[in-house]
Amino acid sequence: GQQVMQIPQYQHVQEGEDFTTYCNSSTTLSNIQWYKQRPGGHPVFLIQLVKSGEVKKQKRLTFQFGEAKKNSSLHITATQTTDVGTYFCAGPPNFGNEKLTFGTGTRLTIIP
Amino acid sequence: NAGVTQTPKFRILKIGQSMTLQCAQDMNHNYMYWYRQDPGMGLKLIYYSVGAGITDKGEVPNGYNVSRSTTEDFPLRLELAAPSQTSVYFCASSYSNNQQYFGPGTRLTVT
């Protein structure tokens with residue numbers, strides 16, 4: 001079955017440093033979605049990318065979808081304490097598939 | 001809109017007991033999902049539904065059952081609870097395979 005891996009599993013950064021998490025799928029994805037889960041909270045949708053090579057920005061967050069639509073990345077510039085949480089990527093393996101396969105997640109902690 | 005609501009928030013069950021986790025959404029979404037999340041781990045899909053009367057198994061369906069009699073509600077039934085079912089359960093809904101909206105979760109402990 002489809003597998004979606006994320007690296008790193010954990011990342012500790014000083015406040016103000018940059019952070020990147022990488023997402024790799026074993027199969028081609030029709031779209032890639034990113035979610036953030038604060039400690040003790042529920043996953044919250046951040047963004048969806050659909051096109052090959054697509055790049056989207058949300059303030060300090062930059063999301064990229066690979067040319068082959070099998071990988072993606074999330075980059076945060078100048079991290080803040082509010083960025084703490086676990087970041088998950090997720091995607092359906094092909095168009096019209098009802099299920100999302102979630103990645104293994106990257107847990108970000110910030111050292112003030 | 002309340003979004004996705006789940007009850008109860010917390011529950012402690014004894015081994016062998018049964019319970020139903022409730023999930024409701026008021027966004028008229030056709031797709032609904034149940035996930036479990038063990039401590040420090042990712043989300044595993046238990047069951048999902050693409051519309052009223054239609055359900056299908058996810059990655060970890062054993063020990064659970066679901067029904068979808070209305071668009072709004074998607075209850076998850078645990079029969080004969082086991083310690084391995086100790087987890088946080090999230091319900092989610094979406095329109096097609098796009099953005100999923102998650103409920104606040106139910107923290108279940110089986111002892």
Side-chain angles (χ1 to χ4, degrees), chain A residues 1-11 21 23-51 56 58 63 69 85-109, chain B residues 2-7 9-10 21 23 25 27 29-61 66 68 74 87-108:
Chain A
Q2 181 193 21
Q3 291 187 328
V4 181
M5 303 297 293
Q6 284 182 250
I7 55 171
Q9 189 176 0
Y10 303 95
Q11 186 80 59
T21 174
C23 172
N24 293 287
S25 171
S26 59
T27 61
T28 302
L29 302 169
S30 63
N31 70 70
I32 189 80
Q33 300 171 28
W34 284 92
Y35 293 79
K36 177 183 178 181
Q37 184 177 25
R38 294 182 186 272
H42 59 275
V44 174
F45 175 83
L46 293 176
I47 206 163
Q48 177 175 295
L49 305 173
V50 178
K51 298 177 183 176
K56 285 188 177 180
Q58 287 180 348
F63 304 84
K69 302 184 78 173
T86 301
Y87 293 85
F88 293 100
C89 62
N94 49 57
F95 183 78
N97 192 295
E98 307 90 0
K99 297 181 291 186
L100 288 184
T101 299
F102 277 80
T104 47
T106 296
R107 183 179 300 180
L108 173 64
T109 56
Chain B
V4 179
T5 57
Q6 291 184 240
T7 56
K9 285 187 170 57
F10 303 93
L21 283 67
C23 173
Q25 53 94 8
M27 297 173 281
H29 285 161
N30 49 347
Y31 290 5
M32 295 188 75
Y33 307 82
W34 274 105
Y35 296 91
R36 61 175 286 173
Q37 185 176 38
D38 297 333
M41 304 297 285
L43 296 160
K44 293 185 179 179
L45 182 64
I46 305 172
Y47 271 96
Y48 67 102
S49 168
V50 299
I54 306 169
T55 62
D56 207 348
K57 295 178 180 178
E59 183 184 355
V60 290
V66 294
R68 183 104 181 263
F74 190 40
S87 191
V88 179
Y89 291 84
F90 290 106
C91 177
S93 72
S94 68
Y95 177 70
S96 186
N97 61 6
N98 296 311
Q99 173 182 352
Q100 290 192 5
Y101 294 79
F102 283 79
T106 294
R107 296 180 185 278
L108 175 67

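In what follows, every chain begins at residue 1, and chains take the letters A, B, ... in the order their sequences are listed. Reckoned from all heavy atoms, side chains included, excluding hydrogens, waters and symmetry mates. Because the structure is predicted, anything quoted here is derived from the model rather than measured.
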Legend entry - Which of B:G103, B:G42, B:G58, B:G105 touches chain A most, by non-hydrogen pairs under 4.5 Å: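 Option with the greatest count: B:G103.
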Inset, instruction - Select, from B:E59, B:M41, B:K44, B:Q100, the one with the greatest count of heavy-atom pairs under 4.5 Å involving chain A. - result: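 Of the candidates given, the most pairs with chain A belong to B:Q100.
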Legend entry - Set of side-chain hydrogen bond (donor to acceptor under 3.5 Å, both in side chains) partners for B:W34, sequence neighbours left out: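 For B:W34 there are no side-chain hydrogen bond (donor to acceptor under 3.5 Å, both in side chains) partners, ignoring immediate neighbours.
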Given that the side chain runs from C-beta out, which part of [X] has a heavy atom under 4.5 Å from chain A: side chain, backbone, both or neither?
| X | answer |
| --- | --- |
| B:Y35 | side chain |
| B:Q37 | side chain |
| B:L45 | side chain |

Show the atom names and distances, to 0.1 Å, of all donor-acceptor pairs under 3.5 Å that link a side chain in residues 38-48 of chain A to residues at least two apart or in another chain.
from  : atom 1 : to    : atom 2 : distance (Å)
A:R38 : NH1    : A:T82 : O      : 3.2
A:Q48 : OE1    : A:Q33 : NE2    : 3.3
A:Q48 : NE2    : B:N98 : OD1    : 3.3

Inset, instruction - Please indicate whether A:M5 has more than 12 foreign heavy atoms, meaning atoms of other residues, nucleotides or ligands, lying under 6.0 Å from its CE. - result: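 No - once you tally the heavy atoms of other residues, nucleotides and ligands closer than 6.0 Å, there are 12 at most.
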Legend entry - Part of A:Q37 lying under 4.5 Å from any heavy atom of chain B: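 It is the side chain, since no backbone atom gets that close.
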Inset, instruction - Give a yes or no on whether the backbone of A:L100 and the side-chain of B:Y48 come within a donor-acceptor separation of less than 3.5 Å. - result: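 Looks like no, no N/O pair under 3.5 Å.
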